[in-house]
Amino acid sequence: MARCIAARLCIAVPWPGIRLCICPGEFVISSSQRWQRVTMLCSHTGNNSLTRSYAHQTVSSTAIHSTPHNDFEQINEGAEKEEQTCVDGSAGLKQSGRKMVPRSWMDELESLQLMTTTEEILEHSKVETKADALAMAVGRLGQVVSNNKEQGSKVIHDNRLHTMLMFLSSKLENVGHSNLVGLQWSIWQLWRGQPPGEGGPPKVFVKSLHAVLSNQLKKLTYKNLSFLAEALSLEQGHSGRQGQHSEEFEIEDDLMSKTLRMLELRWVEADNGVRVALLMARAGPLSPLLMERLEEKALELIESMPLWALRTMCISLANQKRSPQALIRAIAYYLAQERSTMCPKFVIDIVNAFVQLRFFNYLVLKRLANSMVISGPQLNSWQVSEASLCFSQLKFYSPALYRTFAQHLTEHVETMEVTYLAELIMAFARVNFLPANDDDVFPKVFKRLEAEFDHLKLSTQLMVVWCLCILGLPQPNLLVQVLSPSFYLKMVDEYGRQQKHCFEYII
């Protein structure tokens, strides 16, 4: 009896032989239950007034069943079957959790997902007249173009696409919220390959889309709001509107400001760490208040974030020159706990972000250095030079890591670019590291530097000579060049007197 009460509420009604069983969304009336037994059953709820209050509610005739008078298990099963029948038996609907999705929409979405070319989608959409179906077709076009940019240059000049957008411009009120946001994303995906200011979607459509989105903002979920903010920020960054003012731009800016405001007010609704990381990178620079709240939410959700989301957060914090120590320490902790090998590009981005944030943590840097050592044979010259510079700027020294860099230098000293060669020498000088085979490799390095010294920037030339002196390997020919009055005059002409440290090296 207790199990039955937990599943649904059983209430007595003042009619002989009738018992009312209430489960979510329906009523089930069963007979052969006496008033005396039902009164005792209702006493388990602790509220006898339920007998009177629920007895007068209207009960649909389709939910009436006859069940045995004391078989509670059969009562439960009958109610569950009835509930399943009500859901699965609805005409034109598919069950998706608790939501009811029209079967036609699901079939349309499934058919669009099977199409892999823009021509297929455009031909399929010629016979469509429903706004939602056309919006899904435009969204699928954006997905296809993002994977194959060659098709994008053709489809944006296709009259069928412009006809679809012009038709949609007057039907946007009938489009669902997710599809409205998807339209904004798709417009950016389709036209992002075009030079800024050249061509674009129909202005009537864009104006109508922004107006409808502005009116529907309060009804959008937080996930849709974040998608919209990302799409608008990417579109604004691509539009190249320097110094331009128009009604279209004003509407877009107004929509962006409203979206950011809604994200600021509803930040507690964020429940996805990946979404938070992407918002920090794309919408965070536009709103310091939103960025501050996203940092708090990221600290709460960081445990569920993948590695690439941690990298995204590090880069966004470095680009915005923000140093929330609690969040940065949490990122470092989870990076240090990572057991899989991280790719060189990932390691370089993380360490470079730590350099800009002026953050040093030995454990995480050691973990990142181990990943670089494991990837040593596959490293190219750019990765070696960038990684060596970043680690050396943090004054982090790992013998195995710098031996890996030295091995690459030995194998590629005659083929790597002179710029990478110079950066590697500067990195060695910062940590005072000399390869074990310096007598064999450095003569080749000096030969490359003397032959291509003029190809380096003036500041790099000066730093290379300075670093060679630190390593105890001064080269007279190079010293003469950087100490000559003509070199000093070139430095003044190029940099003025802004880079004081360069002139200090000369002194």
Go through Leu255 and Glu252 one step at a time and tell me if the side-chain contact (heavy atoms from CB on, under 4.5 Å) criterion holds.
CA-CA 5 Å; Leu255 176 60; Glu252 183 176 329; 5.7 Å; no
Which residue is it: Phe405, Phe433, Phe391? I am looking for the one with a ring-ring contact (aromatic ring centres under 6.0 Å, His included) to Phe428.
Phe433
If we check side-chain contact (heavy atoms from CB on, under 4.5 Å) with Trp185, which of these qualifies: Leu228, Leu234, Leu190?
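Only one of Leu228, Leu234, Leu190 forms a side-chain contact (heavy atoms from CB on, under 4.5 Å) with Trp185, namely Leu234.
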Keeping [X] on the side-chain end and [Y] on the backbone end, is there a donor-acceptor pair under 3.5 Å?
| X | Y | result |
| --- | --- | --- |
| Ser392 | Leu389 | yes |
| Ser287 | Gly284 | no |
| Asn179 | Gly182 | no |
| Ser214 | Ala211 | no |
| Asp132 | Gly176 | yes |
| Thr221 | Asn224 | yes |
| Arg403 | Ala436 | no |
| Gln461 | Leu456 | yes |
| Thr404 | Ala400 | yes |
| Glu123 | Glu120 | no |

Roughly how far apart are [X] [atom1] and [Y] [atom2], rounded to 0.5 Å?
| X | Y | atom1 | atom2 | result |
| --- | --- | --- | --- | --- |
| Leu394 | Phe354 | CG | CZ | 8.5 Å |
| Asp349 | Leu310 | CG | CG | 13.0 Å |
| Ile374 | Thr341 | CD1 | OG1 | 4.0 Å |
| Glu264 | Leu260 | CD | CG | 6.5 Å |
| Met463 | Lys457 | CE | NZ | 11.5 Å |
| Lys203 | Ser208 | NZ | OG | 14.0 Å |

Looking at every non-hydrogen atom in both residues, tell me the closest pair between [X] and [Y] and how far apart they are.
| X | Y | answer |
| --- | --- | --- |
| Arg282 | Glu230 | NH1-OE1, 2.9 Å |
| Val138 | Met164 | CG2-CE, 3.6 Å |
| Met280 | Leu294 | CG-CB, 3.7 Å |
| Ile470 | Ala429 | CG2-O, 3.9 Å |
| Met313 | Met305 | CE-SD, 3.4 Å |
| Ile348 | Ala387 | CG1-CB, 4.1 Å |

For Arg160, is there an ion pair with Glu119 - N to carboxylate O distance below 4.0 angstrom?
yes
Electrostatic pair Glu296:Arg293 at N-O distance under 4.0 angstrom
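Judged by the 4.0 Å cut-off on N to carboxylate O distance, Glu296 and Arg293 do not form a salt bridge.
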Given the rule in the side-chain hydrogen bond (donor to acceptor under 3.5 Å, both in side chains) test, do Arg367 and Ser371 qualify, once you have shown the distances and angles that lead to the verdict?
CA-CA 7 Å; Arg367 181 68 190 87; Ser371 292; 3.1 Å; yes
Please check if the number of heavy atoms outside [X] that lie under 6.0 Å from its [atom1] is greater than 12.
| X | atom1 | answer |
| --- | --- | --- |
| Gln337 | CD | yes |
| Tyr362 | OH | no |
| Phe360 | CZ | yes |

Are [X] and [Y] close enough that some pair of their side-chain heavy atoms sits under 4.5 Å apart?
| X | Y | answer |
| --- | --- | --- |
| Ile331 | Val364 | no |
| Leu183 | Leu168 | yes |
| Phe453 | Asn477 | no |
| Leu335 | Leu307 | yes |
| Trp466 | Met426 | no |
| Ile121 | Val144 | yes |
| Ser388 | Glu423 | no |
| Thr410 | Pro435 | no |

With no hydrogens and no angle check, just 3.5 Å: does a side-chain donor-acceptor pair link His408 and Ser381?
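Yes.
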Using a distance-only test with no angle check, is there a side-chain donor-acceptor pair under 3.5 angstrom linking Ser186 and Gln184?
no
Carefully, step by step, assess Glu269 and Lys223 under the rule salt bridge (Lys or Arg N to Asp or Glu O under 4.0 Å).
CA-CA 9 Å; Glu269 298 179 27; Lys223 180 179 179 180; over 6 Å; no
Against the six-membered ring of Phe227, is Arg275 placed for a cation-pi contact (under 6.0 Å from the centre, within 45° of the normal)?
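Because its charged atom sits under 6.0 Å from the ring centre and within 45° of the axis, Arg275 does stack over Phe227.
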As a quick check of understanding, evaluate side-chain hydrogen bond (donor to acceptor under 3.5 Å, both in side chains) for Ser398 and Lys366, giving each step before the final call.
CA-CA 8 Å; Ser398 169; Lys366 183 179 179 180; over 6 Å; no
Met342 and Ile350: side-chain contact (heavy atoms from CB on, under 4.5 Å), yes or no, with the steps?
CA-CA 11 Å; Met342 293 169 257; Ile350 292 291; over 6 Å; no
Going through the checks in order, is the side-chain contact (heavy atoms from CB on, under 4.5 Å) test met by Val276 and Lys297?
CA-CA 7 Å; Val276 171; Lys297 183 58 70 169; 3.9 Å; yes
When you look at Trp267 and Leu263, which way does the side-chain contact (heavy atoms from CB on, under 4.5 Å) test go after all the steps?
CA-CA 6 Å; Trp267 68 279; Leu263 289 170; over 6 Å; no
Please verify the inter-ring angle class for Tyr397 with Tyr402; under 30° counts as parallel, over 60° as perpendicular, anything in between as tilted.
parallel
